Amino acid sequence: MEQLLGAHTSIAGGVSTAIDRANILGFNAIQIFTKNNNQWNAKPLTDIEINNFKSKLTKSNIKIIIAHSAYLINLASKWKLILRKSREALVDELTRCEQLGIPYLNFHPGSHGGKGEEEGIKLIAEAINICHEKTKAFKVKSMLETTAGQGSSIGYKFEHLRKIIELVEDKNRVAVCIDTSHIFVAGYDIRTKESYNKVMKEFDKIVGLDLLKCIHMNDSKKDFATRVDRHEHIGRGYIGIEGFRNIMNDKRLLKIPKILETPKGKEQMEDLENIKVLKGLFIR
Ligand code: ZN
Ligand code: MN
Ligand code: MN
């Protein structure tokens with residue numbers, strides 16, 4: 001079986017150009033931003049852009065596209081204005097995904113900015129509920145990403161995601177993404193077979209493997225449990241190659257899209273090298 005492998009891919013020149021790039025690079029799974037990821041506002045997608053995207057996608061080898069939200073969004077912000085803008089932006093991004101037929105919008109849960117994790121978790125779930133309410137008939141799911149735990153960010157413990165999901169009313173609209181570099185620096189050791197199995201068992205018990213719909217495949221420039229988020233090429237960081245061998249050969253994860261968010265230049269040639277490394281680990 002061919003695994004779903006690819007990378008976060010640029011949309012410079014319009015959303016549909018990501019599909020051109022993915023075809024050239026040979027990806028069958030990608031992640032994209034649906035708008036400039038450093039701005040609050042974006043022009044709505046035009047019918048031409050939407051149709052272009054969909055027709056290119058049908059003709060491509062891409063089996064799945066995940067969207068990643070803009071980094072500005074903070075559903076747990078202590079600032080009223082930011083909180084409001086974040087909720088509006090999430091609705092906008094869910095709308096873009098729905099228009100493009102993208103099944104998952106991945107985002108970081110949020111940072112509480114000193115209010116505490118309990119309060120932050122409540123705010124995040126409240127925001128998700130509001131956004132789901134405003135996009136009621138939509139198919140796109142909200143995908144919560146595990147985080148590195150920098151600053152006051154929430155999501156560095158599997159329990160955080162569980163608590164958020166428990167408070168989300170429409171459970172059919174939530175999914176989860178594991179970022180390997182994030183969980184590693186957050187204190188989940190995936191380097192040896194034994195520690196990896198222990199981490200996945202814990203994830204399954206607390207969050208549930210049935211909710212896992214994407215894995216961000218990143219090695220880490222920072223050491224175990226440092227809670228600092230710096231991605232590194234596969235096998236060249238503190239996780240190391242064995243950690244990725246564990247994931248690539250986990251039978252339960254064969255159908256889960258595995259997406260690189262490792263350092264890259266404009267042409268994304270580094271992604272090809274990292275994909276090659278990952279493919280080489282998989283024992284058919
Ligand atoms: Zn992310
Ligand atoms: Mn990630
Ligand atoms: Mn990261």
Side-chain angles (χ1 to χ4, degrees), residues 4-11 18 27 29-38 64-76 86 89-90 93-94 96-97 102-111 124 128 140-158 160-161 164 174-188 190 199 203 207 211-234 236-239 243-244 247 253 256-264 268 270-271 274-275 278:
L4 299 168
L5 280 174
H8 187 98
T9 297
S10 166
I11 58 159
F27 301 156
I30 57 169
Q31 176 175 277
I32 61 167
F33 295 122
T34 66
K35 59 189 268 288
N36 185 320
N37 68 311
N38 290 314
I64 180 136
I65 302 188
I66 314 274
H68 195 300
S69 85
Y71 293 120
L72 297 168
I73 292 179
N74 181 6
L75 301 178
S86 295
L90 194 70
E93 296 219 26
L94 287 167
R96 287 168 169 271
C97 288
I102 296 174
Y104 301 103
L105 174 64
N106 179 79
F107 54 88
H108 303 187
S111 296
I124 293 160
I128 293 172
V140 55
K141 297 189 189 203
S142 298
M143 182 183 266
L144 297 164
E145 180 175 350
T146 56
T147 65
Q150 286 197 152
S152 66
S153 77
I154 288 162
Y156 64 91
K157 281 185 179 159
F158 297 154
H160 295 170
L161 301 188
I164 295 167
V174 278
V176 169
C177 168
I178 286 181
D179 184 310
T180 55
S181 64
H182 295 174
I183 63 167
F184 177 71
V185 296
Y188 295 102
I190 55 172
V199 167
F203 178 86
V207 179
L211 287 177
L212 181 68
K213 300 298 175 188
C214 182
I215 304 177
H216 287 164
M217 302 289 271
N218 307 312
D219 209 329
S220 175
K221 274 196 170 77
K222 297 290 169 180
D223 207 348
F224 180 66
T226 52
R227 287 176 61 175
V228 181
D229 182 6
R230 298 282 182 281
H231 301 184
E232 180 58 287
H233 296 293
I234 304 297
R236 292 203 230 154
Y238 280 95
I239 297 177
F244 294 94
I247 297 174
L253 308 181
I256 307 294
K258 300 179 174 80
I259 307 281
L260 295 163
E261 292 176 320
T262 41
K264 68 189 78 180
Q268 296 187 217
E270 299 84 349
D271 288 341
N274 284 311
I275 296 268
L278 288 177

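Small disclaimer: the values here were computed from a predicted structure and weren't measured. In listed order, ligands and their atoms are each counted from 1.
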> Ignoring water, what protein N, O or S atoms are under 2.8 Å from the Mn ion (ligand 2)?
Replying inline: Glu145 OE2, Asp179 OD2, His216 ND1, Glu261 OE1

>> Restricting to non-hydrogen atoms, name the atom on Tyr156 and the atom on Ala148 that form the minimum distance, rounded to 0.1 Å.
In response: CB-C, 3.9 Å

> So, for Asp271 and Lys264, which heavy atoms are closest and what is the spacing to 0.1 Å?
Replying inline: OD2-NZ, 3.0 Å

> What's the spacing between Lys222 NZ and Phe184 CZ if we round to 0.5 Å?
Replying inline: 12.5 Å

>> Measuring only between side-chain heavy atoms, which start at C-beta, is Tyr104 closer than 4.5 Å to Ile64?
In response: yes

> What orientation do His68 and His216 show, parallel under 30°, tilted 30 to 60°, or perpendicular over 60°?
Replying inline: parallel

> Which residue, Leu253, Leu278, Leu4, forms the side chain to side chain contact (heavy atoms under 4.5 Å, CB included) with Lys258?
Replying inline: Leu253

> List-wise, which protein N, O or S atoms are found short of 2.8 Å from the Zn ion (ligand 1)?
Replying inline: His68 NE2, His108 NE2, Glu145 OE1

> If you look at every heavy atom in Ile124 and Pro109, which pair is closest and at what distance?
Replying inline: CG1-O, 3.3 Å

> Between His182 and Tyr188, is the gap from one ring center to the other below 6.0 Å?
Replying inline: no

>> Among Arg236, His231, Glu232, which residue satisfies the side chain to side chain contact (heavy atoms under 4.5 Å, CB included) criterion with Lys221?
In response: Glu232

